[in-house]
Structures are given as C-alpha cells and as structure tokens.
Colleague: 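If you scroll down you'll find the structure; I have some questions about it.
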2 protein chains.
Amino acid sequence: MTLSEPSCFFSALPPRQAKTLETSLHLFTTRGFFKTSVHDISNLAEVSVGFIYHHFKDKEGIAQALYNILLQRMNELIDDIEAQYSTCKERCYAIIQALFKLTEQEPEAMQFIIHARHKEFLPNEKSICSASAFVRMRALVFQGIENKEIRPMDPLVAAMIVYGGAIRMICLRLDGVIETSLETLADDLWLNTWSGLDP
Amino acid sequence: MTLSEPSCFFSALPPRQAKTLETSLHLFTTRGFFKTSVHDISNLAEVSVGFIYHHFKDKEGIAQALYNILLQRMNELIDDIEAQYSTCKERCYAIIQALFKLTEQEPEAMQFIIHARHKEFLPNEKSICSASAFVRMRALVFQGIENKEIRPMDPLVAAMIVYGGAIRMICLRLDGVIETSLETLADDLWLNTWSGLDP
DNA sequence: GTCTATAGAGAGATAGAC
DNA sequence: GTCTATCTCTCTATAGAC
C-alpha cells in the first residue's frame, strides 16, 4: 500500500464519489465539520447537492464513510506489520514509523483519524480509542508483557508509554508546533522510550 | 487551591455568570459546542438569553471565557509546583499528578482543556499546545536536559516522552476506556517513563 | 442516476419593555 | 441590568424534472 497520493484512500470508489470524500476530508479538517455546509462540499468538489445526498445518507453519512475507510486502512497497515515482523519491539516501532509517515504524507487523513472528536458528529460511533485498530495496537503491547519482552507492569500503562509520546508528537506536528519532519525524530523517540520498558 | 468543587473555577464571578459558565462547560463537553444552542444554556442555567448576551459578546465569547479561566488555573497550578519543587523530575511528576487529580475531580474541565479542538470554535486562538501552560510544561523538561537531569536527546522528544503517556492516559480515562482512577496508575507510569530518561 | 429549486426548521443575535 | 418576543439568515434535506 502506498500512501503518497490522496486518491489512494478512495481509489476503489467511482471518481466523483472519491472527489466528494477527498473534498469533505479537506474541508472537515481545515474548517471543521460544523462550519462546512453540504453546499461548500458541492461547490468545491464540483458535484451537485443531489449527487451527494443520493450517495450518502446525510452529512453525517459522509463523515461516517470517511471514518470507515480511514480506519480500514489503518487495519490493513497493522496487518502488513504483523505479517512482516514478529517481536513486540519491532512491531510497535514499525507502527510508529508508519503513523509518522502517514502524518507527513497525508496530514488531513491523520488529523481526521486522531483529532476529529468524532463523538461530536458521529454520536453512534465509540471513541476513536476503542476502534479496532487502536485496540490491536494496545494488544501488541500486552503480548510483549506476556512474552517478557517488556518488563512487568500494568499493561495499559505500558501501552500508553509505547504510543503516548508518538501520538503526542503527531498532534503537535499537525498543529504546527513541531516544524521538522517526524521521521527524523523517530529513532530518538523510540530509543529513549524503549529503554524505559526493556526488562 | 482546591479543585473539588465545580464552582471553584468560577467563584470569583457573580453567581449567575458562574452558573452560566458551569452550565456551558457541561453542555459543551457532553453535547459539543455546535450542538449546544444559547437557548439550551439559558434553559439549563435558568438565566435568560438576554442575560447571556449582555455578559458575553456572543456564543464564542462564552467558550473564550471558559478557555481563559481554565488555562489561568493551569498556570496557577504550575506556579505552585515550581514554588514547591526544584528538580525537573519532581516538578514533572507533580504536574502529572496534578493533571490526574484534575481529571478525576473535574473531568469536564479537563475534557475542555485537552480535547475540545478549540480551533473549531475559537478560530483566533492558537492550538492548545501553544498555550502558555503547555509551553511552560515543555520548558521544565528543556531545563532538565540542560541540567543533565535527563540524558542528552532532542528536547522536544524528551518532553513528548515525559508527558505523552500521561496525556494519553487522561484521554482514555475521559473517553471511558480506562475504568480505574488514574491516581492509582501514576507511580507505575512515572517509574517506567523516567527510567527511559535517567542519564 | 443526476440535477436545480425550494421547503422547512432551527439557531444566533437583537430590539425594546420594564 | 434583565427579560421576552421576534427577526433574519443559513443550512439540511427533499421534491420533482430530465
């Protein structure tokens, strides 16, 4: 899976639906969901309002579709990493590197996944932290404790230490506080994070 | 400063303005800013719409007032900690404990501070990560590196490691993913976080 | 399937009495 | 200072032509 082109997330869909979702992702992350009207999307994506309502249930339906597609991609990304690596340490680091890469290449997608406060506009969706991809990320750490790759501690605490710094860096990068590419900081982060967990 | 009573944040204000802000904080964090109407606030706070518009410029003005007051409190909290402790390690741990305590006692205030995506409804306000309290928190870590309390590394990376796990735990606690009090997990977190930073 | 025009509802903000 | 009534506008969603 390459992540370098915006269209890659939506390439399985017909082109105008893909355009609608790309445009919605852009507007939702820059202006916010509630400050984006369906007409804004219609104008910028060059599709009619009728087209949008024919293919998506309503405005929330657009957000729901984005949410499903992006989390699906995250799950595929974890599938790949689990297939390629076997130790907890390798897998967790690979996930962090993949998230950093995604942040640099597709900041809007990352913003939507991490930051969008889905609860406000997807009331039926659980918190993003409960989404399968994030549960699987934590599960990798739990296994690491069982395997004794990680020193004994509360599993949830271990998971927060493993991913907390990385997720925080992603947030600050998306907010413009960090001005350098995350990929150059990944080694420094991981070296010092892991030394707190090594048995 | 005690944080155990909701009114403590707003106790300097006349009672009905305090009630307005308390109610707004409650509705903004539970329903969201854009799904809360001024009439909702008026009804629940038992004040008139006219009262609200007389004391606050507009709906965003309410959010701005909340933002200012809560960040002010965070700054006072850091003042207290800087006065009471002198080492980087002690100060950072005290901040994490204070944030955990605040999360347990005033979850709505914490939710607003950390999670509210102010950019959507306070477009003139910088990202919360740039707010003075958060900048000061990072500065404490930077000093720790200069003092050689923390092993040499990128200062921003060090700050993310110090606070990343804690902030992540706060988010998961607020979202209901963590079901136990954060205060019982603080020691475990800090012990294993710091051992990645100790020279 | 796709479009335009429009209905209908709700919200922010204000005017003006007290 | 405080209240109620209302104005005005924007947005979601749909109806109906093609």
Side-chain angles (χ1 to χ4, degrees), chain A residues 10-68 112 116-125, chain B residues 10-68 112 116-125:
Chain A
F10 313 117
S11 53
L13 282 75
R16 314 179 71 208
Q17 296 179 44
K19 186 83 181 289
T20 305
L21 289 175
E22 275 172 40
T23 304
S24 300
L25 176 61
H26 174 67
L27 291 174
F28 289 169
T29 49
T30 49
R31 295 187 198 173
F33 179 82
F34 293 101
K35 288 194 171 172
T36 300
S37 75
V38 176
H39 279 88
D40 293 337
I41 299 169
S42 156
N43 291 334
L44 196 60
E46 295 173 298
V47 300
S48 71
V49 173
F51 177 89
I52 295 176
Y53 277 97
H54 183 79
H55 290 280
F56 303 94
K57 180 170 166 281
D58 53 17
K59 191 180 159 190
E60 279 189 3
I62 305 173
Q64 185 72 56
L66 280 173
Y67 183 87
N68 293 342
F112 188 87
R117 296 286 320 127
H118 300 94
K119 274 206 282 201
E120 278 203 34
F121 53 89
L122 293 178
N124 298 325
E125 205 62 54
Chain B
F10 314 117
S11 51
L13 284 77
R16 313 180 68 209
Q17 295 180 44
K19 185 82 182 289
T20 304
L21 288 174
E22 276 171 40
T23 304
S24 300
L25 176 61
H26 174 66
L27 290 174
F28 290 169
T29 49
T30 50
R31 295 186 198 174
F33 179 81
F34 292 101
K35 288 195 173 173
T36 300
S37 75
V38 176
H39 279 89
D40 292 337
I41 298 169
S42 158
N43 291 333
L44 195 60
E46 295 173 301
V47 299
S48 72
V49 172
F51 176 88
I52 295 176
Y53 277 97
H54 184 79
H55 289 280
F56 303 93
K57 180 172 167 281
D58 53 16
K59 191 180 158 190
E60 279 190 5
I62 305 173
Q64 186 73 56
L66 281 173
Y67 184 86
N68 292 342
F112 189 87
R117 294 289 319 129
H118 301 93
K119 273 205 283 199
E120 277 203 35
F121 53 89
L122 293 178
N124 298 325
E125 205 63 55

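So you know, we letter chains A, B, ... as the sequences are listed, proteins then strands, and number each from 1.
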Colleague: In whole Å, what is the span from the CD atom of B/Glu46 to the P atom of D/dT2?
Modeller: 16 Å
Colleague: Could you tell me the separation between the CG atom of A/Asn43 and the P atom of D/dC11, rounded to a whole number of Å?
Modeller: 11 Å
Colleague: Could you tell me the separation between the CG atom of B/Leu27 and the C1' atom of C/dA11, rounded to a whole number of Å?
Modeller: 15 Å
Colleague: Would you call the rings of B/Phe112 and B/Phe28 parallel, tilted or perpendicular if under 30° counts as parallel and over 60° as perpendicular?
Modeller: parallel
Colleague: Using the closest heavy atom to pick a nucleotide of DNA chain D for each, name whichever of A/Phe33 or B/Arg16 lands nearer the 5' end.
Modeller: B/Arg16
Colleague: Taking CD1 from A/Ile52 and P from C/dG1, how many angstroms apart are they, rounded to a whole number?
Modeller: 16 Å
Colleague: Scan A/Leu25, A/Thr20, A/Leu27 and name whichever one has a side chain to side chain contact (heavy atoms under 4.5 Å, CB included) with A/Thr23.
Modeller: A/Leu27
Colleague: For B/Lys57 and C/dA13, what is the distance between atoms NZ and P respectively, to the nearest whole Å?
Modeller: 8 Å
Colleague: Nearest-Å distance, CZ (A/Phe34) to P (D/dT12)?
Modeller: 10 Å
Colleague: Set out, in order, the CA-CA distance, both residues' side-chain angles and the distance that settles side chain to side chain contact (heavy atoms under 4.5 Å, CB included) for A/Phe51 and A/His54, then state yes or no.
Modeller: CA-CA 5 Å; A/Phe51 177 89; A/His54 183 79; 5.8 Å; no
Colleague: State whether A/Phe33 and A/Lys59 meet the cation-pi test: NZ (Lys) or CZ (Arg) under 6.0 Å from the six-membered ring centroid, and within 45° of the perpendicular axis.
Modeller: yes
Colleague: Start with the C-alpha distance between A/Lys35 and B/Phe34, add both sets of side-chain angles, then the distance that settles side chain to side chain contact (heavy atoms under 4.5 Å, CB included), and finish with yes or no.
Modeller: CA-CA 9 Å; A/Lys35 288 194 171 172; B/Phe34 292 101; 4.2 Å; yes
Colleague: Between A/Ser48 and A/His39, who's closer to the 5' end of DNA chain C by nearest nucleotide?
Modeller: A/Ser48
Colleague: Considering just the side-chain nitrogens and oxygens of A/His54, establish if one lies under 4.0 Å of OP1 or OP2 belonging to C/dT2.
Modeller: no
Colleague: Describe the nucleic acid contact of B/Thr36 in one word from base, sugar-phosphate, nothing, applying a heavy-atom distance below 4.0 Å.
Modeller: sugar-phosphate
Colleague: C/dG12 C1' sits how many Å from B/Lys35 NZ, rounded?
Modeller: 18 Å
Colleague: How long is the line joining CG of A/Asp58 and C1' of D/dA13, in whole Å?
Modeller: 9 Å
Colleague: B/His55 has a side chain; which of D/dA13, C/dA13, D/dG1 sits nearest to it?
Modeller: D/dG1
Colleague: Looking only at side-chain N and O atoms, does B/Tyr53 come under 4.0 Å of OP1 or OP2 in C/dT14?
Modeller: no
